[in-house]
Amino acid sequence: MNPATRAALAGARRSPRRLLLTGLAVLVATVFAAAAVILTATLRGDLTGDLSPVPAGASFSVRTDGAGDGTGDGAVVERLRAVPGVDAVSVSRSGLVSVDAGAASGSWVLSTDPMTGPLHTLDPPTAGRLPTGPGEVLLGTGTAERTGLGPGATVGVGGRTLTVTGVVPLRYEGNDMLVLSDDDSAAAGLSGSRIAVAGDPDPAALAAVPGVGGVTTADEQRDADLASASASADALLAGLSVFVGLALVAAAVVVASTFRIVLARRTRELALLRCVGASRGQVARSVLAEAVLTGLVAGVGGAALAVAGGWAVLAVVGASGTDAPALVVPWGRLAGCVLLAAVVTVLAALAPALAAGRTPPVVALGAADATGARAPRARVRLPLAALALLAAGGLAAVAVEVGDALAGTALAALSGLLVFAALVVAGPFVVSGAARAVAPLVARWAPGRIAVGNARRMSRRTAAMTTVLSLGVGLTAALLVAVSGASADARDAIDRNYPADVVVFPGGVDRDTGVLAARLDAAPELTARVSDGVVLVEPVPGADPVAVRSAVARGAGDASATFVADMREQTETAVGAVRGVGLGLVGVTLLVAVVGVGVTLALSVSERTREIALLRTLGLSRAASRRAVAAEAALAGAVAAVLGVVLGGAYGVLALAATGIGVPAAGVPVGQLAGLAAAVVAVAVAASVGPVRRAGRIEPAHGVAAA
């Protein structure tokens with residue numbers, strides 16, 4: 001190990017706080033990356049354990065050939081039962097039916113189960129008992145909670161009255177659900193998806209049954225279902241990887257800025273190493289060794305926190321009575337997250353390491369304290385930023401014209417990344433310009449003048465905070481605009497496609513729209529008419545909503561009735577869920593940015609101890625020194641808020657245009673964007689609390705000593 005590297009590692013042992021501050025952003029990003037990996041592995045394990053509909057007691061899974069002979073799946077089931085060696089046969093059927101259940105009337109999912117024997121799939125009832133004959137039905141637990149129904153209640157399905165005998169837990173209850181016995185005649189109109197066979201029959205004999213299109217063993221079918229579940233989990237991981245990548249990019253920018261500040265403070269230390277014989281390469285390698293150590297420590301810490309967080313979350317979920325999946329920890333992928341954290345940290349430290357290697361030995365003899373005030377090179381940065389912006393504009397134009405929603409969205413995202421790259425390159429000039437514009441407003445306020453002066457003098461440092469914050473703000477703004485537009489488009493589509501309070505689609509035995517409309521119109525609570533092959537139903541003025549729902553369910557029979565109010569509510573719920581998940585994912589990037597603000601300001605105050613002490617000597621009060629640091633954070637937050645909201649809003653509109661939705665008639669959500677901007681400034685100031693307190697504790701004596 002070269003002497004410079006030993007000195008760097010010794011410095012890390014003496015000052016672990018510096019190592020912690022440098023790696024904090026990487027730690028946060030690694031927690032997110034590791035949590036995404038653990039979440040995906042856990043979901044995969046949960047799905048693979050429960051997704052396959054093949055009953056545990058099945059030996060074979062049979063599919064029909066689709067052609068049929070007019071007798072339906074029931075005839076195929078009877079033929080299969082006659083095959084030697086077959087103990088039981090069951091076909092899983094399901095479909096939407098109109099259910100008369102008072103205020104909960106509407107379209108429910110009706111499915112079937114053998115209830116007993118080797119092919120049953122239900123858990124024991126949590127209330128009541130299993131059906132023992134025709135006309136009896138089970139409720140899902142979620143349905144029972146939503147509707148208030150339970151054992152002994154009755155529901156109307158297709159003109160028949162069914163009695164609820166029990167409540168059972170069902171895995172998926174997005175809709176209200178009923179479960180019938182296989183042999184109940186109410187299930188005759190439902191579509192069959194797959195036939196399960198129990199026993200030890202000859203597979204060739206099963207395949208020879210008329211109407212059978214294919215036979216696989218139960219284990220083979222489960223493996224196919226599990227592969228499908230794994231593909232779904234991998235798709236989830238692919239989606240999360242986009243946000244993981246953005247969080248790591250933000251962490252890399254913060255780490256690069258942090259290393260610049262740390263190395264600026266160690267200029268004389270590095271110069272002394274050069275004086276005692278360390279070469280440029282040795283100094284650069286020592287900085288990279290410190291970066292590797294930082295990345296590994298932050299990576300291991302982030303992975304450990306993710307695992308601990310996973311255990312804690314599932315423990316809380318299990319304690320609340322909810323069925324929680326078993327935590328799956330993919331140690332190989334977690335090791336990859338740790339390695340990725342180290343690589344990102346090394347790449348972020350590469351430029352500062354090369355700059356450290358160029359530190360001349362003569363600096364050790366001078367009083368120079370930092371190189372952070374070195375002006376950025378406009379001749380290099382501005383042309384690069386201009387090229388990135390031109391490329392971004394071209395991609396944005398192509399995204400609108402490409403005509404494919406997925407390709408357009410991908411091109412819009414790539415265009416946004418180029419704009420962010422341009423902002424990183426030109427950030428110091430943007431910050432300097434913003435500080436110059438703000439200067440007249442704070443000309444008579446000493447803390448404001450100090451903050452503006454520091455922002456202009458240390459424009460690269462301030463730009464690092466601003467650009468990372470603007471990335472998080474921009475992603476949030478784009479998400480708010482896109483979700484608002486998509487929600488408005490969905491509402492407009494519902495209004496266009498469902499021009500009545502209730503739309504009834506013919507089905508089952510009720511295929512004659514004229515007869516169906518007449519039956520519905522005969523109800524005193526309803527008026528009905530036929531339009532484009534469906535029946536449009538409106539309640540009469542003043543009709544009781546519960547009576548309206550019951551009348552629709554009775555009149556619809558086997559037809560499917562869609563209540564537009566329920567559809568609007570489901571749409572808003574889905575949009576809210578997408579917004580919540582998206583904001584949660586984007587929030588990690590924003591959290592990394594906020595950590596970057598706090599870390600950069602903490603190191604900045606440490607770097608400027610002598611400067612602040614001298615200002616205290618010249619009469620600057622303790623409170624004013626605190627306000628100066630807070631004002632610097634507020635300036636960075638304000639610039640990031642403006643850039644992020646403007647650019648993010650524009651790219652939200654671009655994403656809507658690329659997907660063919662377009663800007664909603666109500667326009668962009670200005671109120672939400674304004675609230676976002678104000679919140680970002682407040683959060684940036686809150687992130688400066690630690691540095692503000694430290695700045696207030698600096699005594700004037702430090703300035704006298706420096707003199």
Between atom [atom1] of [X] and atom [atom2] of [Y], what is the distance when rounded to the nearest 0.5 Å?
| X | Y | atom1 | atom2 | result |
| --- | --- | --- | --- | --- |
| Leu288 | Thr345 | CG | OG1 | 11.5 Å |
| Leu417 | Tyr651 | CG | OH | 9.0 Å |
| Ser415 | Leu389 | OG | CG | 9.0 Å |
| Ile38 | Arg333 | CD1 | CZ | 11.5 Å |
| Leu382 | Leu387 | CG | CG | 11.0 Å |
| Leu673 | Thr476 | CG | OG1 | 10.0 Å |

Quick check: closest heavy atoms across [X] and [Y], and the distance to 0.1 Å?
| X | Y | result |
| --- | --- | --- |
| Ala640 | Thr466 | CB-O, 3.5 Å |
| Ala687 | Val597 | CB-CG1, 4.1 Å |
| Val431 | Ala463 | CG2-CA, 3.7 Å |
| Ala306 | Val31 | CB-O, 3.8 Å |
| Gly637 | Ala684 | CA-CB, 3.9 Å |
| Ala657 | Val400 | CB-CG2, 4.3 Å |

Student check: side-chain heavy atoms of [X] and [Y] closer than 4.5 Å:
| X | Y | value |
| --- | --- | --- |
| Val419 | Leu423 | no |
| Val430 | Leu643 | yes |
| Thr462 | Asn454 | no |
| Leu469 | Val639 | no |
| Val473 | Val645 | yes |

Backbone N/O of [Y] and side chain of [X]: donor-acceptor pair under 3.5 Å:
| X | Y | answer |
| --- | --- | --- |
| Ser432 | Pro428 | yes |
| Ser470 | Thr467 | yes |
| Arg381 | Ala426 | no |
| Ser621 | Ala624 | yes |

Judged by modelled atom types alone, do Arg491 and Ser487 share a side-chain donor-acceptor pair under 3.5 Å?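 Per modelled atom types, Arg491 and Ser487 side chains form a pair under 3.5 Å.
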Counting heavy atoms not belonging to Arg622, are there more than 12 under 6.0 Å from its CZ? yes
